[in-house]
Undergrad: 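Here it is, the structure, as structure tokens.
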There are 2 protein chains.
Amino acid sequence: MIYESILEQLSTQSCKLTLQRRELLKILIRAKTPLAAREIYDRMLKKYPHMSFDTVYRNLNLLQDLHIVNRLDFQEGRSRYELNRSQDHHHHLVCLKCGGTWKLKACPLEGLNINNTVPEDFKVTTHRFEVFGYCRQCRKELST
Amino acid sequence: MIYESILEQLSTQSCKLTLQRRELLKILIRAKTPLAAREIYDRMLKKYPHMSFDTVYRNLNLLQDLHIVNRLDFQEGRSRYELNRSQDHHHHLVCLKCGGTWKLKACPLEGLNINNTVPEDFKVTTHRFEVFGYCRQCRKELST
DNA sequence: TCCCAAATCAGAATGTTTCTGATTTATATT
DNA sequence: AATATAAATCAGAAACATTCTGATTTGGGA
């Protein structure tokens, strides 16, 4: 469903539906949490053992440009990627110990006073918001 | 004033007040915008031409641990650093074209519904919020 | 002045991301 | 079904930020 509609979108942009590209999409659709390029690459190697790492990056960048994928940064020294599901705009809660992530529905741009603080002549295109800390499990482990 | 109080703080932590460390602090205090490690290094080279890049990073990490410096990420492929001036908690507005930054006083954590969306058993330590787009000047240049 | 932990230096190493140039492939057309 | 070709892939190198290593120097207390 999502998969097919993305393939269609790619076709209309005259992008080829290569096996590698399809596999990358399937991995992102299956993912329960944002993945690092390295993690995606490792999963793809299982099906395509001769994959080039470069292919992962090229496709992630392409999908980003088409707004099919979001690039995220959780201060880990590398990016993570997630499918951009429309109607599911969200931000993240990130555990600094285990790297676990949870969705935050609250969005600062929906808050009241943002429009007062951003100058009118500044054209806003995107924003980021992340909350960091320690999840229940990791809190326990820290105190023992 | 700020400079002296930081030196004092460093002393009490039994950190040595090396010339390089002092110079790095002065650069951060002078800075009108968050600086990349590379930019800091370039400025330090003028005074200490034999500086090691490593020294910049080591000190930035130290100062970060002591909450004297904030590490920021503006999706540029490298971090930027700014002095953590207490009583001036803020976020940033970032121009995607020129890299210019402006302070945003609004903070999402002060908003209403955050406490409802973060689970109680999650220990929040930090957060990030950035707004990206194009500044007045760069908007003009894009449309011509 | 002496001592030594802390800091620095120089250069190598690590890890992520991008580039290059040759080869392969998806797909539109015949 | 065969062909042409732009797009995509591969393999490896390169670029870049950041961290590490091991030898040397230095700030600051005794």
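Lettering of chains follows the sequences in order, A, B, ..., and the numbering in each one begins at 1. Basis for what follows: all heavy atoms, side chains included, without hydrogens, waters or symmetry-related copies. Values in this document were obtained by computation on a predicted structure and should not be read as measured data.
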Undergrad: Applying side chain to side chain contact (heavy atoms under 4.5 Å, CB included), name anything that partners A:Gln137, two or more places apart in sequence or on another chain.
TA: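 For A:Gln137 the side chain to side chain contact (heavy atoms under 4.5 Å, CB included) partners, ignoring immediate neighbours, are A:Cys135, A:Lys140, A:Glu141.
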Undergrad: Is the distance between the ring centroids of A:His89 and A:His127 under 6.0 Å?
TA: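 Yes: the rings meet the under 6.0 Å criterion.
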Undergrad: Find which nucleotide of DNA chain D each of A:Asp54 and A:Ser14 is nearest to by heavy atoms, and output the residue with the more 5' nucleotide.
TA: A:Ser14
Undergrad: Kindly write out the residues that satisfy salt bridge (Lys or Arg N to Asp or Glu O under 4.0 Å) with B:Lys123, not counting sequence neighbours, or none if the list is empty.
TA: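 Residues passing salt bridge (Lys or Arg N to Asp or Glu O under 4.0 Å) with B:Lys123: none at all.
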Undergrad: When you group the ILVMFWY residues by side-chain heavy-atom contacts below 4.5 Å and let the links chain together, are B:Leu109 and B:Leu93 in the same group?
TA: yes
Undergrad: Report the end-to-end axis angle of the helix from C:dT1-D:dA30 to C:dT30-D:dA1; each axis comes from five terminal pairs, and the value is rounded to 10°.
TA: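 That helix gives 30° between its end axes.
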Undergrad: Roughly, in whole Å, what's the span from CZ in A:Phe53 to P in D:dC10?
TA: 13 Å
Undergrad: Taking atom P of D:dA7 as reference, at what distance in whole Å does atom CG of A:Leu10 sit?
TA: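 The answer, rounded to whole Å, is 14 Å.
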Undergrad: Taking only residues two or more places apart in sequence, or in another chain, which ones meet B:Asn61 in a side chain to side chain contact (heavy atoms under 4.5 Å, CB included)?
TA: B:Gln64, B:Arg71
Undergrad: Let me have the donor-acceptor pairs involving side chains of residues 24-42 of chain B, under 3.5 Å, with sequence neighbours excluded, atom names and distances please.
TA:
{"residue": "B:Thr33", "atom": "OG1", "partner": "B:Thr101", "partner atom": "OG1", "Å": "2.9"}
{"residue": "B:Arg38", "atom": "NE", "partner": "B:Asp42", "partner atom": "OD1", "Å": "3.4"}
{"residue": "B:Arg38", "atom": "NH2", "partner": "B:Asp42", "partner atom": "OD1", "Å": "3.3"}
{"residue": "B:Glu39", "atom": "OE1", "partner": "B:Ala36", "partner atom": "N", "Å": "2.7"}
{"residue": "B:Tyr41", "atom": "OH", "partner": "B:Met51", "partner atom": "O", "Å": "3.3"}

Undergrad: Check DNA chain D against residues 55-79 of chain A and give the residues with a non-hydrogen atom under 4.0 Å, in numerical order.
TA: A:Thr55, A:Arg58, A:Asn59
Undergrad: So if I take residues 23-35 of chain A and measure heavy-atom distances to DNA chain D, which residues fall below 4.0 Å?
TA: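 Heavy-atom contacts with DNA chain D come from no residue of residues 23-35 of chain A; none.
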Undergrad: Could you run down nucleotides 23-30 of chain D 5' to 3' and tag each one B, S or - for protein heavy-atom contact under 4.0 Å?
TA: ---BBS--
Undergrad: Over all heavy atoms of both residues, which pair between B:Gln75 and B:Phe132 is shortest? Give the atoms and the distance, please.
TA: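 Looks like CG-CZ, 3.7 Å.
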Undergrad: Give the rounded distance in Å between these two atoms: OH of A:Tyr41 and C1' of C:dT18.
TA: 15 Å
Undergrad: In whole angstrom, what separates B:Arg38's CZ from D:dT18's P?
TA: 11 Å
Undergrad: Rounded to the nearest angstrom, tell me the gap between atom OH in B:Tyr48 and atom P in C:dT8.
TA: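 So the two atoms are 11 Å apart, to the nearest Å.
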Undergrad: May I have the distance from A:Leu45 (atom CG) to D:dT9 (atom P), rounded to whole angstrom?
TA: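 It is 14 Å, rounded to the nearest whole Å.
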Undergrad: Could you give all pairs that pass the salt bridge (Lys or Arg N to Asp or Glu O under 4.0 Å) test and reach residues 56-66 of chain A, with sequence neighbours left out?
TA: A:Asp54-A:Arg58
Undergrad: Just verifying a value: how many Å separate B:Asp73 CG and B:Arg78 CZ, rounded to the nearest 0.5 Å?
TA: 11.5 Å
Undergrad: Quick check: do A:Val69 and A:Leu62 have side-chain heavy atoms less than 4.5 Å from each other?
TA: no
Undergrad: For residues 3-24 of chain A, which residue pairs pass the side chain to side chain donor-acceptor pair (under 3.5 Å) check, not counting sequence neighbours?
TA: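 Every pair satisfying side chain to side chain donor-acceptor pair (under 3.5 Å) with a residue in residues 3-24 of chain A: A:Arg21-A:Asn59.
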Undergrad: Applying ring-ring contact (aromatic ring centres under 6.0 Å, His included), can you list everything that pairs with B:His90, at least two apart in sequence or on another chain?
TA: B:His92
Undergrad: Using a cut-off of less than 4.0 Å, is there contact between a side-chain N or O of A:Gln20 and OP1 or OP2 of D:dC10?
TA: yes
Undergrad: Between B:Val56 and B:Met44, which heavy-atom pair has the shortest distance, and what is it?
TA: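 Nearest pair, atom of B:Val56 first, then B:Met44: CG2-SD, 4.1 Å.
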Undergrad: Roughly how many Å is it from CD in A:Glu8 to P in C:dT27, rounded to a whole number?
TA: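 That distance rounds to 14 Å.
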Undergrad: With sequence neighbours excluded, tell me which residues meet ring-ring contact (aromatic ring centres under 6.0 Å, His included) with B:Tyr57.
TA: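 B:Tyr57: ring-ring contact (aromatic ring centres under 6.0 Å, His included) contacts with B:Phe53.
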Undergrad: Would you mind reading off the distance between A:Ile40 atom CD1 and C:dG15 atom C1', rounded to a whole angstrom?
TA: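 Whole-Å distance recorded here is 16 Å.
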